[in-house]
2 protein chains.
Amino acid sequence: MSKNNLEKYLDADNCPVRNVLDRIGDKWSVLVILLLGDADTLRFNEIHKYIGTISQKMLTVTLKKLEADDLIHREIYPQIPPKVEYNLTERGKSLLPNLKNLVSWANEHMVEIKSARATALTSS
Amino acid sequence: MSKNNLEKYLDADNCPVRNVLDRIGDKWSVLVILLLGDADTLRFNEIHKYIGTISQKMLTVTLKKLEADDLIHREIYPQIPPKVEYNLTERGKSLLPNLKNLVSWANEHMVEIKSARATALTSS
DNA sequence: AATGTTAATTACCTTAAAGTAAGTGTCTTA
DNA sequence: TAAGACACTTACTTTAAGGTAATTAACATT
């Protein structure tokens with residue numbers, strides 16, 4: 001193994017993994033993407049109700065970040081009361097399989113991981 | 001789309017996605033896993049040197065969490081000065097392809113995402 | 001006798017993420 | 001005329017993550 005071989009992961013702030021994980025590693029982004037992946041199109045309050053535990057503020061923040069990365073599209077209908085719909089962009093859709101794989105992995109391993117964590121706790 | 005269809009993502013603190021992302025979404029875990037995936041076995045100070053910008057404290061914390069989840073294995077050699085080696089467990093290895101897919105996606109999309117972010121900034 | 005080695009730990013501080021609760025605008029309906 | 005709908009925004013507070021720098025144990029080397 002050469003150090004060269006590893007530098008692709010370590011390009012400081014230019015590191016692609018970090019650039020993606022910095023956005024997706026937050027508390028809500030992945031949930032919103034998966035939700036829109038399943039639901040196709042949802043309004044602000046629909047997302048809010050589905051996730052239940054997210055605050056309005058955090059939903060706004062999360063949606064804005066995802067929109068800034070062009071992972072979701074925001075469609076405003078000029079009517080009152082306002083109507084705003086969100087759906088995944090092509091880029092968002094291209095990320096979806098990766099996330100779903102992670103979800104599958106999580107589903108397959110969660111029970112074991114939880115018991116590993118419990119063991120780690122008791123033996124410390 | 002039924003609400004039922006989405007509840008699998010929203011099981012509060014029992015949600016597998018959140019359980020995994022809570023650990024992997026931190027600043028260093030993925031980097032360490034990728035590193036060990038490439039390097040097979042590394043000592044504490046080797047990881048420290050490769051990542052360069054990680055503090056000793058955060059490396060300890062990160063390794064402990066990964067060990068608690070049984071994603072990495074910690075081998076202590078009873079000698080002085082101490083020697084401790086880390087490598088991926090089978091579970092850690094099973095996670096690796098998912099992470100590498102994410103890395104690939106990130107590599108393919110980072111340039112576009114960066115320009116999307118720039119556009120989002122100027123138009124706000 | 002002093003210094004170096006390795007893998008940590010500890011106390012302390014800063015920053016960033018997330019949560020709370022209230023308010024905003026504009027129209028519709030009761 | 002008051003309340004309600006919707007998609008936010010704002011000010012403020014709390015919590016968690018991460019960083020800094022000094023210290024430790026136990027022996028080996030100079």
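Since the model is a prediction, treat every value here as computed from it, not as a measurement. So you know, we letter chains A, B, ... as the sequences are listed, proteins then strands, and number each from 1.
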Below 4.0 Å: OP1/OP2 of C/dT5 and any side-chain N or O of B/Lys83:
no
Examine D/dA7: is either OP1 or OP2 under 4.0 Å from a nitrogen or oxygen in the side chain of A/Arg43? Give yes or no.
yes
Could you tell me whether the side chain of B/Phe44 reaches within less than 4.5 Å of the side chain of B/Gln56, counting heavy atoms only?
yes
Just by distance, with hydrogens left out, do B/Asp26 and B/Ser29 show a side-chain donor and acceptor under 3.5 Å apart?
yes
Assess the side chains of B/Glu46 and B/His48: does a donor N or O sit below 3.5 Å from an acceptor N or O?
no
Could you state the [atom1]-[atom2] distance from [X] to [N], rounded to the nearest angstrom?
X: A/Leu63; N: D/dC6; atom1: CG; atom2: C1'; answer: 14 Å
X: A/Glu46; N: D/dC6; atom1: CD; atom2: P; answer: 10 Å
X: A/Ile51; N: C/dG19; atom1: CD1; atom2: P; answer: 11 Å
X: B/Leu59; N: C/dA7; atom1: CG; atom2: C1'; answer: 10 Å
X: B/Gln79; N: D/dA28; atom1: CD; atom2: C1'; answer: 12 Å
X: A/Ile80; N: C/dC27; atom1: CD1; atom2: P; answer: 4 Å
X: B/Glu75; N: C/dA7; atom1: CD; atom2: C1'; answer: 15 Å
X: B/Leu42; N: C/dA7; atom1: CG; atom2: C1'; answer: 15 Å

Could you note down all residue pairs passing side chain to side chain donor-acceptor pair (under 3.5 Å) where residues 57-66 of chain A supplies at least one of them, sequence neighbours left out?
none
Give a yes or no on whether the backbone of A/Leu71 and the side-chain of A/Thr89 come within a donor-acceptor separation of less than 3.5 Å.
yes
For the side chain of A/Phe44, counting heavy atoms from C-beta on, which of C/dT6, D/dA7, C/dA8 is nearest?
D/dA7
Any chain of hydrophobic side-chain contacts (each under 4.5 Å) joining B/Tyr77 to B/Leu63?
no
Charged N to carboxylate O below 4.0 Å: is that the case for B/Asp40 and B/Lys93?
no
Heavy-atom nearest nucleotide on DNA chain C for A/Pro82 versus B/Lys64: which residue maps closer to 5'?
B/Lys64
When all nucleic acid strands are considered with a 4.0 Å heavy-atom cut-off, which category describes B/Tyr86: base, sugar-phosphate, or nothing?
sugar-phosphate
Provide a list of protein-nucleic acid N or O atom pairs under 3.5 angstrom, restricted to nucleotides 16-24 of chain D.
residue	atom	partner	partner atom	Å
D/dG18	OP1	B/Lys27	N	2.7
D/dG19	OP1	B/Lys27	NZ	2.6
D/dG19	OP2	B/Trp28	NE1	3.3
D/dG19	N7	B/Lys57	NZ	3.0
D/dG19	O6	B/Lys57	NZ	2.1

